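Inspection log for the structure reproduced underneath, given as structure tokens.
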2 protein chains.
Amino acid sequence: MKPYNKVTSHEVAALAGVSRSAVSRTFTPGASVSVKTREKVENAARKLGYRPNALARSLIVRSTRMIGLVMAEWQNPFYTRMLRQFSERFQAEGYQLLLLTSASDAGVDDAVRRLLQYQVDGLLIVSAKPSEAMAEECERAGTPVVLINRHSPVIRASSVTCDNAQIGRDIFAMLQSAGYRRVALVLGDPGVLTGIERNAAINEAAAAGKDIRVVAEISGCLGYEAGRQAVIDMWKAAERPDAIVCSSDPTALGILDGARLDLKLAVPEELAVVGLGDIPQSSWGAYRLTTVHLPVDEMINLAVEDLLAHLEDPQLEPRPMTARARLVHRDSVRVRPEA
Amino acid sequence: MKPYNKVTSHEVAALAGVSRSAVSRTFTPGASVSVKTREKVENAARKLGYRPNALARSLIVRSTRMIGLVMAEWQNPFYTRMLRQFSERFQAEGYQLLLLTSASDAGVDDAVRRLLQYQVDGLLIVSAKPSEAMAEECERAGTPVVLINRHSPVIRASSVTCDNAQIGRDIFAMLQSAGYRRVALVLGDPGVLTGIERNAAINEAAAAGKDIRVVAEISGCLGYEAGRQAVIDMWKAAERPDAIVCSSDPTALGILDGARLDLKLAVPEELAVVGLGDIPQSSWGAYRLTTVHLPVDEMINLAVEDLLAHLEDPQLEPRPMTARARLVHRDSVRVRPEA
DNA sequence: GCACGGTTTGCAAACGTGTGCAAAACTGCA
DNA sequence: TGCAGTTTTGCACACGTTTGCAAACCGTGC
């Protein structure tokens with residue numbers, strides 16, 4: 001004996017004494033129903049606890065009002081914020097989010113495949129990208145996709161990133177004018193474009209000028225603990241940096257604590273630390289980290305608007321979008337050379 | 001000219017020269033198909049890029065393998081962790097998460113309604129609870145639901161919480177034996193059970209004993225900034241506390257910074273601060289907050305196991321589950337009375 | 001009473017799949 | 001070859017909706 005109790009439009013129609021079409025029409029805004037039958041149907045529906053089956057519906061209207069979200073990076077609080085905002089924004093427009101997690105780029109294709117089976121109307125991929133073949137399948141299926149914090153010239157998909165190279169140059173200029181000389185670059189997940197492009201720009205700038213050198217470049221260092229350990233290790237090396245540029249805020253905060261608490265260094269006098277992301281903790285009194293504020297809200301806006309536009313008009317061409325990041329000066333970098 | 005290109009089992013069947021049932025069976029594990037036709041079908045499917053429509057499928061098998069997740073609280077990093085783990089765990093079992101956000105208890109019913117329309121197989125509600133009527137609808141629909149960090153005797157649903165009263169008593173005992181005398185209780189979102197129950201237990205213990213009093217009880221104070229301001233305000237009041245018990249870690253960290261940086265107080269000598277949640281930042285060197293470690297992983301396990309069990313066997317009765325929280329002693333509370 | 005324009009209504013055909021059932025094909029064996 | 005037993009296959013119906021189309025209905029003005 002199953003408690004299988006789903007009530008269908010058929011039963012509502014029977015109770016109300018009308019046809020199934022009538023009940024369908026009362027639940028479709030803008031359909032032609034007389035007020036009398038509408039009332040009858042609504043009463044019957046209420047009595048039975050009827051709720052239209054969204055899946056059966058989407059089968060014939062060819063739109064599920066679900067958008068697939070694949071998330072490949074959770075470490076950074078930054079992405080949580082995205083998740084929340086995406087959920088709220090799309091929910092307001094009558095869409096739901098179908099959420100999948102993927103370990104890395106490798107898992108993305110699987111996730112996308114699953115989402116396509118569920119006939120999602122659109123796809124949001126944060127901090128990862130699908131294979132070219134998979135992207136092509138999306139296109140053939142007519143499913144618009146927007147990449148966040150990733151882009152690829154070979155994939156036909158919208159993307160929103162920020163101008164990492166420019167930020168790299170800004171950081172370089174700041175360190176230079178404050179008189180720092182030996183900078184270390186620490187990268188988190190190798191493969192996340194944000195850090196890579198930024199570091200490339202710094203390297204380039206350093207190669208061009210004479211007075212400031214890149215003395216170390218480590219990668220795979222992600223999170224508070226890793227950062228704290230990394231700075232300790234760095235101090236054992238032959239040449240110690242006087243500025244560390246870090247591709248995630250939590251890592252930078254770990255470095256800050258490692259430098260101050262473990263190594264007893266004076267920040268920013270003896271060592272500068274700059275982060276990436278501007279998470280809430282970075283502004284907290286105990287840290288006051290100089291970092292780059294990623295324009296998450298702007299990025300979210302761009303992504304949402306673009307995806308909605310593509311849902312509206314499938315003919316629209318995908319386009320790359322870039323938001324402008326902003327250096328926020330706090331207390332972990334001094335502003336002028338020491339006297 | 002639409003690029004509408006969905007390929008159906010019909011087309012695959014035609015290309016392979018078999019019936020539609022044959023292609024359906026090749027994609028249903030354990031069905032009876034000869035290797036020869038299976039091969040033909042697989043080739044045709046690959047050539048056409050066929051992917052079974054999960055929605056049409058679930059229409060007839062009466063199971064969508066989607067589970068609905070409604071999230072009412074995002075402030076605390078704690079919940080992000082839950083989200084991620086839920087996603088991964090269920091994904092591993094072949095389920096997807098359909099994510100909805102709700103501002104508060106008020107919005108939960110709406111979210112649940114929407115999820116039911118999508119015929120989710122199960123429901124996870126974190127940090128909020130549906131109305132009694134809505135819970136009844138879920139039951140009639142045969143959709144198991146598990147509540148996280150909430151419970152209600154009147155709702156027939158599984159729930160996982162932790163023993164907040166016990167933790168309240170533990171905190172009280174700790175403060176008492178360390179010789180603190182005037183405790184302030186600060187609550188975040190009024191309505192989140194965790195804090196309420198804990199504070200109630202502390203109040204009760206204080207009423208029973210003689211040597212320690214609750215001198216202030218504020219609520220609606222959530223997040224770093226709010227905490228930092230709150231402690232400043234407290235210091236203007238007639239009677240200043242010597243211990244603050246806080247219902248979220250970020251708030252407690254704000255209080256810590258407010259006390260040390262703004263008020264120039266010595267922690268833990270002049271003031272004790274205890275948090276709730278044990279977020280990563282709380283263990284960081286600059287803070288070392290004494291707090292209670294919520295057993296998130298255990299709670300997640302309980303929730304996942306219970307929901308899966310109910311999906312397996314719909315007859316199963318819902319049950320309340322409680323995980324045990326643990327006080328973690330760090331440096332924001334002294335361990336013995338001052339000399 | 002009748003023709004006429006405009007609304008409402010029900011019929012039936014989709015949407016893309018799974019599955020019971022009986023027919024068909026195959027297997028092994030005498 | 002014939003036959004019993006087993007496996008494979010196709011038909012057709014079901015799942016719960018939406019929607020084009022034509023019939024039914026309604027009110028109105030002659």
Side-chain angles (χ1 to χ4, degrees), chain A residues 2 4-42 44-45 48-66 114 116-121 141-142, chain B residues 2 4-42 44-45 48-66 114 116-121 141-142:
Chain A
K2 270 202 211 171
Y4 229 82
N5 220 3
K6 306 279 188 202
V7 357
T8 78
S9 67
H10 207 98
E11 306 170 35
V12 177
L15 179 58
V18 297
S19 79
R20 256 173 38 240
S21 333
V23 12
S24 166
R25 285 193 250 258
T26 46
F27 283 91
T28 345
S32 136
V33 212
S34 70
V35 298
K36 215 168 57 179
T37 55
R38 149 159 282 139
E39 265 176 13
K40 284 196 291 184
V41 169
E42 276 173 351
L48 265 48
Y50 172 68
R51 195 185 321 292
N53 183 327
L55 266 43
R57 165 169 221 281
S58 64
L59 197 53
I60 90 112
V61 297
R62 313 188 87 86
S63 154
T64 57
R65 297 199 84 81
M66 296 195 294
R114 264 161 99 153
L116 283 183
Q117 286 189 206
Y118 277 87
Q119 317 294 117
V120 292
D121 288 350
Chain B
K2 269 202 211 172
Y4 228 83
N5 218 3
K6 306 279 188 202
V7 358
T8 78
S9 66
H10 207 99
E11 305 169 37
V12 178
L15 179 58
V18 297
S19 80
R20 253 177 42 242
S21 334
V23 13
S24 166
R25 286 194 250 260
T26 45
F27 282 92
T28 342
S32 137
V33 212
S34 71
V35 297
K36 217 168 56 181
T37 55
R38 148 158 285 137
E39 264 176 13
K40 285 196 292 187
V41 169
E42 277 174 351
L48 264 48
Y50 170 68
R51 196 184 319 291
N53 183 326
L55 267 43
R57 164 170 221 283
S58 64
L59 197 53
I60 89 112
V61 298
R62 314 188 86 88
S63 155
T64 57
R65 298 200 82 81
M66 297 195 294
R114 263 161 101 154
L116 283 183
Q117 284 188 212
Y118 277 88
Q119 317 295 116
V120 291
D121 288 350

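Every value quoted in this text rests on a predicted model; they were computed, and no experiment measured them. Numbered from 1 within each chain, the chains take letters A, B, ... in sequence-line order.
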Sugar-phosphate only, base, or nothing, as touched by Thr8(A) at under 4.0 Å among non-hydrogen atoms: sugar-phosphate
For the student: nearest non-hydrogen atoms of Val120(B) and Thr64(B), plus distance: CA-OG1, 3.8 Å
Base [N] to side chain [X], donor-acceptor N/O within 3.5 Å cut-off:
{"X": "Ser58(A)", "N": "dC15(C)", "answer": "no"}
{"X": "Arg20(A)", "N": "dT18(D)", "answer": "yes"}
{"X": "Arg25(A)", "N": "dG10(C)", "answer": "yes"}

Ser21(A) vs dT18(D): side-chain N/O to OP1/OP2 distance below 4.0 Å: no
Would you be so kind as to tabulate the donor-acceptor pairs closer than 3.5 Å made by side chains of residues 48-59 of chain B, with sequence neighbours excluded?
unit_1: Arg51(B); atom_1: NH2; unit_2: Glu137(A); atom_2: OE1; d: 2.0
unit_1: Asn53(B); atom_1: OD1; unit_2: Leu55(B); atom_2: N; d: 2.8
unit_1: Asn53(B); atom_1: OD1; unit_2: Ala56(B); atom_2: N; d: 3.1
unit_1: Ser58(B); atom_1: OG; unit_2: Ala54(B); atom_2: O; d: 3.3
unit_1: Ser58(B); atom_1: OG; unit_2: Leu55(B); atom_2: O; d: 2.9

The side chain of [X] lies closest to which of these nucleotides: [options]?
{"X": "Val33(B)", "options": "dG18(C), dT9(D), dG16(C)", "value": "dT9(D)"}
{"X": "Ser32(A)", "options": "dT8(C), dT19(D), dT18(D)", "value": "dT8(C)"}
{"X": "Ile60(A)", "options": "dG18(C), dT19(D), dT9(D)", "value": "dT19(D)"}
{"X": "Val61(A)", "options": "dT18(D), dG10(C), dT19(C)", "value": "dT18(D)"}
{"X": "Ser19(A)", "options": "dT19(D), dG16(D), dG10(C)", "value": "dG10(C)"}

Student check: side-chain heavy atoms of Met66(A) and Met66(B) closer than 4.5 Å: yes
Pairwise side-chain contact, Ser21(A) with Arg25(A), heavy-atom cut-off 4.5 Å (strictly under): yes
Given DNA chain C, 5'-ward residue of the pair Ser34(A) and Pro52(B), judged by closest heavy atom: Ser34(A)
